[in-house]
Amino acid sequence: SVFPSNSWFFLHVGEGHAVFLPLAYMPWVGVLFCVAVNRKKLFPAALAGLLIALCFWEGGLYMSIFCGIFVASIAAAMTLTRWSLWPLWSAVTAAAFAAGFAAVKLLPALEVFRAYPHGAMGGETNPWSVIALFLFSRDQDILRAGVTSFGFFEYGAYVALPFAALAL
């Protein structure tokens, strides 16, 4: 629930980063995954994998990685709270179907990544004080003066303090 309620997605879309639009499928991925676990059926997990593949087709590797981290987080929490391996089976099913549905684009993309690796750019570290500003400042203006070498839209991800306290 943190992702759709913070400003990260909206700042990127407002900046014109249309590549992030497929993340609008992420709540559906979560719902289908939870339905698969609750009903102990693999078909909804396969549909979640289809949506993850759709995120890859429309947005690229990063979008599917974000969805994968989302599913893995839910699966880990459900496994630990329910003492059941069913969430892990559902996550593996979603991952397998995502890889299968995305294979036509995924295999050539992996070859390109292998042939042309992308190294880190300079200035990709931030002190904790700046990270606290990105997360807890209510001033999430897309045109805000640069705090770092990139625009504020690259970092802003407002999380309300009461929500952070409840999460802890």
Side-chain angles (χ1 to χ4, degrees), residues 1-118 120 124 131 134-135 140 153-168:
S1 62
V2 173
F3 179 76
S5 66
N6 74 28
S7 63
W8 182 88
F9 177 73
F10 305 103
L11 285 169
H12 277 283
V13 172
E15 181 62 24
H17 292 174
V19 71
F20 291 104
L21 284 175
L23 288 180
Y25 295 131
M26 193 161 9
W28 287 102
V29 170
V31 166
L32 287 168
F33 179 76
C34 289
V35 166
V37 172
N38 289 335
R39 294 184 183 171
K40 296 188 176 179
K41 304 281 184 192
L42 292 178
F43 183 70
L47 290 178
L50 174 63
L51 288 178
I52 294 171
L54 190 60
C55 286
F56 175 70
W57 275 87
E58 293 181 2
L61 188 60
Y62 293 128
M63 302 325 116
S64 55
I65 289 174
F66 292 157
C67 287
I69 292 170
F70 181 58
V71 167
S73 301
I74 296 172
M78 286 182 151
T79 299
L80 293 175
T81 57
R82 296 178 183 206
W83 293 98
S84 168
L85 291 178
W86 192 260
L88 293 179
W89 292 121
S90 297
V92 168
T93 300
F97 274 86
F101 285 127
V104 173
K105 183 179 176 184
L106 180 62
L107 296 176
L110 291 176
E111 187 59 34
V112 169
F113 290 146
R114 191 175 306 118
Y116 303 100
H118 175 66
E124 290 189 357
I131 292 173
F134 297 147
L135 291 177
Q140 295 289 307
F153 59 89
E154 292 288 348
Y155 302 103
Y158 175 69
V159 176
L161 286 175
F163 186 86
L166 285 172
L168 290 175

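For clarity, every value in this text was computed on a predicted model and none was experimentally measured. Numbering starts at 1 and runs along the sequence shown.
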Student: Identify the two heavy atoms, one from Cys67 and one from Leu23, that lie closest to each other, and give their separation to 0.1 Å.
Tutor: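 Shortest heavy-atom contact: SG-CD2, 4.3 Å.
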Student: Do Trp8 and Phe66 have ring centres separated by under 6.0 Å?
Tutor: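 Yes, the ring of Trp8 comes within the 6.0 Å limit of the ring of Phe66, centre to centre.
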Student: Quick one: CZ on Phe70 to CD1 on Ile52, what's the gap to the nearest 0.5 Å?
Tutor: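 Phe70 atom CZ to Ile52 atom CD1 measures 9.5 Å (nearest 0.5 Å).
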Student: How long is the straight-line distance from CD of Glu58 back to CG of Leu21, given to the nearest 0.5 Å?
Tutor: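 Between atom CG of Leu21 and atom CD of Glu58 there are 9.0 Å.
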Student: Measure the shortest side-chain to side-chain distance between Asn38 and Arg82 over non-hydrogen atoms and say whether it is less than 4.5 angstrom.
Tutor: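 Yes. Closest side-chain heavy atoms under 4.5 Å.
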Student: Let me confirm one number: the CG-CG distance from Leu47 to Leu32, rounded to the nearest 0.5 Å.
Tutor: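 With rounding to 0.5 Å, CG (Leu47) is 5.5 Å from CG (Leu32).
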Student: Rounded to the nearest 0.5 Å, what separation is found between the CD atom of Glu15 and the CZ atom of Phe10?
Tutor: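 Glu15 CD to Phe10 CZ: 16.0 Å, rounded to 0.5 Å.
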Student: Can you name the nearest heavy-atom pair linking Ala98 to Ala53, along with the distance?
Tutor: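 Distance-wise, the nearest heavy atoms are O-CB, 3.6 Å.
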Student: Could you tabulate the donor-acceptor pairs under 3.5 Å formed by side-chain atoms of residues 104-117, not counting sequence neighbours?
Tutor:
unit_1 : atom_1 : unit_2 : atom_2 : d
Lys105 : NZ     : Phe56  : O      : 3.4
Lys105 : NZ     : Trp57  : O      : 3.1
Glu111 : OE1    : Arg114 : NH1    : 2.7

Student: Closest approach of Ser64 and Cys55, non-hydrogen atoms and distance?
Tutor: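 The pair with the smallest heavy-atom distance is N-CB, 4.4 Å.
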Student: Are more than 12 heavy atoms from other residues, nucleotides or ligands located less than 6.0 Å from atom CZ of Phe97?
Tutor: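 No, CZ of Phe97 has 12 or fewer neighbouring heavy atoms, counting only those of other groups under 6.0 Å.
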Student: Nearest 0.5 angstrom please: Leu54 CG to Met63 CE, how far?
Tutor: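 Between Leu54 CG and Met63 CE, I get 13.0 Å after rounding to 0.5 Å.
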Student: Which heavy-atom pair separates Ser84 from Trp86 by the least distance, and what is that distance?
Tutor: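 Closest approach of Ser84 to Trp86, heavy atoms only: OG-N, 3.1 Å.
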Student: Between Ser90 and Met78, does a side-chain contact (heavy atoms from CB on, under 4.5 Å) hold up when you go through it step by step?
Tutor: CA-CA 11 Å; Ser90 297; Met78 286 182 151; over 6 Å; no
Student: Working to the nearest 0.5 angstrom, can you tell me the gap between Leu51 CG and Phe101 CZ?
Tutor: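 Leu51 atom CG to Phe101 atom CZ measures 10.0 Å (nearest 0.5 Å).
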Student: Can you name the nearest heavy-atom pair linking Thr93 to Ala46, along with the distance?
Tutor: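 That would be CG2-N, 4.2 Å.
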